[in-house]
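Predicted model, so just to flag it, every value in this text is computed and none were measured.
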Amino acid sequence: MKIERVEIIPLLYGMTGYFKFFHDRDGAAGRGAIMVKITADDGTVGWGQSVPIAKWSYETLETAVLLLHNYYIPALLERDPLDIPGAHAAMDRVVARGFSTGNPITRAGLDLALHDLAGKAQGKSLAELWGLPQGGPLDLSWTVNVTSLDQAEEVMENGRLRGFRHFNIKVGPDPDFDRELASRVRAGAPEAFLWADANTGYTVENALRAAPALADAGVDILEAPLPPNRVRGYQE
């Protein structure tokens, strides 16, 4: 089996509510993404998705399209799609690694599509491919992302109406606002799993202020308080 072709489909998902990270430089609201379709020479197809967001990393929809088209896809054509480690080694050779895997968000779409294709080709789930037991259902959470504390209850109710019972809150850069938001969400959902996601938006000083305050307010997990290269800050 060989990889015969790889197609990419850039698109913009519409949104039903406010989400501060998904407004582009022209003011359009939506979540940019790239669908990736890998087709093997026997007709087996694998699908994946890359979600480059400029406010999360250096990767944008435009750079992801260019990298996929000019570098990563040519490196994968004619390769064995079941050799996923070999595929990543080939991509490392065309774009060098940096602090992390080179362009990890862009490459995620290819990685997902390769796993999807490999599973279909072998008649196995992802868990079976990895030699792991089948998992059960996953509890998802509803995001409370507001510009005013007065909006929190309405956003939570919108989630409840859709069947959500767990919540995450977008925090950073203001620890005082974030503590009060966490307190309100916890009060409205005392049995919920509650996590705070800063999307790397705190300084080290504010992260050190926010972490204990959020814990006291009932937050279970604080995600990504600092940029990923602030290793000493994470140690603190």
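- Taking a cutoff of 4.0 Å between a charged side-chain nitrogen and a carboxylate oxygen, Asp42 and Lys2 do not qualify as a salt bridge.
- Under a 4.0 Å N-O distance rule, the pair Asp41/Arg5 does not qualify as a salt bridge.
- Transitive grouping of hydrophobic side chains (ILVMFWY, heavy atoms separated by less than 4.5 Å) keeps Leu82 and Leu112 in distinct clusters.
- Side-chain contact between Ile169 and Val144 is present, with at least one heavy-atom pair separated by less than 4.5 Å.
- For the atom pair Met156 CE and Phe167 CZ, the distance stands at 4.0 Å (nearest 0.5 Å).
- Using modelled atom types, one side-chain atom of Arg162 and one backbone atom of Asn158 make a donor-acceptor pair closer than 3.5 Å.
- Ring geometry for Trp130 versus His115: interplanar angle over 60°, hence perpendicular rather than tilted (30 to 60°).
- Among residues two or more places apart in sequence or in another chain, the salt bridge (Lys or Arg N to Asp or Glu O under 4.0 Å) test is passed with Arg79 by Asp83.
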Step-by-step salt bridge (Lys or Arg N to Asp or Glu O under 4.0 Å) determination, Asp92 to Arg107:
CA-CA 10 Å; Asp92 282 338; Arg107 281 174 53 168; 2.8 Å; yes
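- The list of side-chain hydrogen bond (donor to acceptor under 3.5 Å, both in side chains) pairs with a residue in residues 163-173, not counting sequence neighbours, reads Ser141-Asn168, Thr143-Asn168, Lys170-Asp197, Lys170-Asn199.
- Gln122 places no side-chain N or O within donor-acceptor distance of the main-chain N or O of Gly119, the cut-off being under 3.5 Å.
- Under the side-chain hydrogen bond (donor to acceptor under 3.5 Å, both in side chains) criterion, Trp195 pairs with Glu223, sequence neighbours left out.
- For the pair Glu128 (side chain) and Ser125 (backbone), a donor-acceptor distance under 3.5 Å is present.
- Residues Tyr202 and Asp178 bring a donor and an acceptor atom of their side chains to less than 3.5 Å of each other.
- Panel note: side chain Glu59, backbone Ile105; a donor-acceptor pair is recorded below 3.5 Å.
- Hydrophobic clustering keeps Leu129 apart from Val45 (ILVMFWY residues linked when any side-chain heavy atoms are closer than 4.5 Å, directly or through intermediates).
- Residues satisfying the ring-ring contact (aromatic ring centres under 6.0 Å, His included) test with His88, not counting sequence neighbours, are none.
- Annotation for Leu161: hydrophobic cluster partners, listed by chain and number, are none (ILVMFWY side-chain heavy atoms under 4.5 Å, direct or chained).
- With hydrogens and angles disregarded, no donor-acceptor distance shorter than 3.5 Å links the side chain of Thr200 to the backbone of Leu226.
- With respect to Asp174 and Arg179, no salt bridge is recorded, no charged nitrogen being found less than 4.0 Å from a carboxylate O.
- In the hydrophobic clustering, where aliphatic and aromatic side chains (Ile, Leu, Val, Met, Phe, Trp, Tyr) are joined below 4.5 Å either directly or transitively, Met1 groups with Ile3, Val6, Ile8, Ile34, Val36, Ile38, Leu61, Val65, Leu66, Leu67, Leu68, Tyr71, Tyr72, Ile73, Leu76, Leu77, Ile84, Met91, Val94, Val95, Leu110, Leu114, Leu117.
- Cluster annotation: Phe193 is not connected to Val171 through the hydrophobic network of ILVMFWY side chains, with a link wherever side-chain heavy atoms come within less than 4.5 Å.
- Of the N and O atoms on the side chains of Thr39 and Glu4, not one donor lies less than 3.5 Å from an acceptor on the other residue.
- Summarising the local packing, CD of Gln134 is surrounded by more than 12 heavy atoms from other residues, nucleotides or ligands at distances under 6.0 Å.
- With contacts defined as side-chain heavy-atom distances shorter than 4.5 Å, the pair Val155/Trp142 qualifies.
- When side chains are defined from C-beta on, Pro225 counts as touching Tyr234, because their heavy atoms get closer than 4.5 Å.
- Of the residues Asp176, Leu214, Leu149, the one that meets the side chain to side chain contact (heavy atoms under 4.5 Å, CB included) test with Leu181 is Leu149.
- Salt bridge Glu180/Arg184: present, at least one basic N to carboxylate O contact under 4.0 Å.
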